[in-house]
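Notes for the one structure printed next.
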Protein chains: 2
Amino acid sequence: METSDLTGDELLQVLSTLASPHRMRVLAALVEGRAYVSQLARHLGISRALLQVHLRKLEKAGLVTAQLELSDEGKALKFYEAAPFVLHLTPGSIATAAATLTDPAADHGAAPKGSE
Amino acid sequence: METSDLTGDELLQVLSTLASPHRMRVLAALVEGRAYVSQLARHLGISRALLQVHLRKLEKAGLVTAQLELSDEGKALKFYEAAPFVLHLTPGSIATAAATLTDPAADHGAAPKGSE
DNA sequence: TGCACATGCTAAGAAATGTTGGCATGTGTA
DNA sequence: TACACATGCCAACATTTCTTAGCATGTGCA
């Protein structure tokens with residue numbers, strides 16, 4: 001993952017996702033090794049519901065990946081791990097990405113695709 | 001500015017600041033060249049009040065700098081320009097920064113680190 | 001069966017952000 | 001004086017995001 005590969009919206013999503021203490025810690029914990037949800041929740045000292053929301057956001061942004069596996073006892077465990085990525089942020093790279101931003105607020109109801 | 005130079009809180013501030021369409025566009029506009037507030041507001045098509053808030057946040061995060069100057073007519077103009085910075089974001093660099101996070105909300109008033 | 005453990009979902013309140021509008025200051029010029 | 005332009009501030013509303021609590025499912029084991 002390279003900054004220049006991302007559209008403005010994608011970069012925005014990644015930055016929004018990373019800009020959270022909880023999600024930073026979740027990512028940091030996963031860098032140490034993969035873990036399943038309940039395990040991770042205990043490790044971080046937060047509720048599963050909360051962790052799940054953050055994990056989902058991290059996954060949507062492509063920062064972590066998930067695999068559903070069965071333990072020896074036959075229990076379903078959802079393992080997460082940190083996705084490898086490298087982002088080079090500079091004023092220039094951000095300016096480039098910003099040029100492709102499609103902001104609904106600034107976009108007065110026009111169709112993004114097709115006509116312009 | 002290097003990712004490893006930043007504390008978790010500083011990185012969080014930078015990311016939070018960048019994670020906004022308006023601020024991305026403001027930064028992008030300043031990459032093209034310095035500009036004063038009213039000028040920039042007209043260029044971006046947003047209100048001065050709104051722009052000022054975003055500029056302030058960008059400045060606090062160290063992403064832009066400001067200089068107060070007098071025009072030929074003697075009017076006070078506040079010029080802003082993009083600050084040069086390079087951030088290398090990787091799971092590892094984020095994990096390192098996350099270790100120094102001081103989050104009041106997630107910090108239940110005690111041990112910074114330790115037992116598990 | 002009942003308990004411990006895993007997953008998932010959603011409604012709803014709490015908290016943080018974003019945005020607007022008005023009003024203040026000051027300058028130079030017609 | 002009145003106008004156009006610059007700066008700044010703040011109160012209040014609107015919106016988004018975050019977080020919790022509760023309930024659902026399923027597994028293995030005593």
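Below, all heavy atoms of this structure are taken into account, side chains as well, without hydrogens, waters or symmetry copies. Everything numeric in this text was worked out from a predicted model, so none of it was measured. Throughout, protein chains are lettered first and strands after them, A, B, ... in sequence-line order, and every chain is numbered starting at 1.
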Most 5' of Q39(B) and K57(A) on DNA chain D, judged by nearest nucleotide: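 Whichever sits nearer the 5' end wins; that is Q39(B).
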H54(A) vs Y80(B), nearer the 5' end of DNA chain D by closest nucleotide: Y80(B)
Looking at [N], I'd like to know if its phosphate oxygens (OP1 or OP2) sit under 4.0 Å from a side-chain N or O belonging to [X].
X: R56(B); N: dG18(C); result: no
X: R48(A); N: dC23(D); result: no
X: H22(B); N: dT19(C); result: yes
X: Y36(A); N: dT7(C); result: no
X: Q52(B); N: dT7(D); result: no

Base, sugar-phosphate alone, or nothing: which one does [X] contact when heavy atoms must sit under 4.0 Å apart?
X: K75(A); value: base
X: A49(B); value: base
X: L77(B); value: sugar-phosphate

Whether H88(B) and H88(A) hold their rings parallel, tilted or perpendicular, with breakpoints at 30° and 60°: perpendicular
Under 3.5 Å side-chain donor-acceptor pair for T102(B) and D9(B):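 Yes, D9(B) and T102(B) have a side-chain donor paired with an acceptor closer than 3.5 Å.
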Residues E69(A), R34(A); criterion salt bridge (Lys or Arg N to Asp or Glu O under 4.0 Å); working and verdict: CA-CA 12 Å; E69(A) 300 181 9; R34(A) 61 206 300 268; 2.6 Å; yes
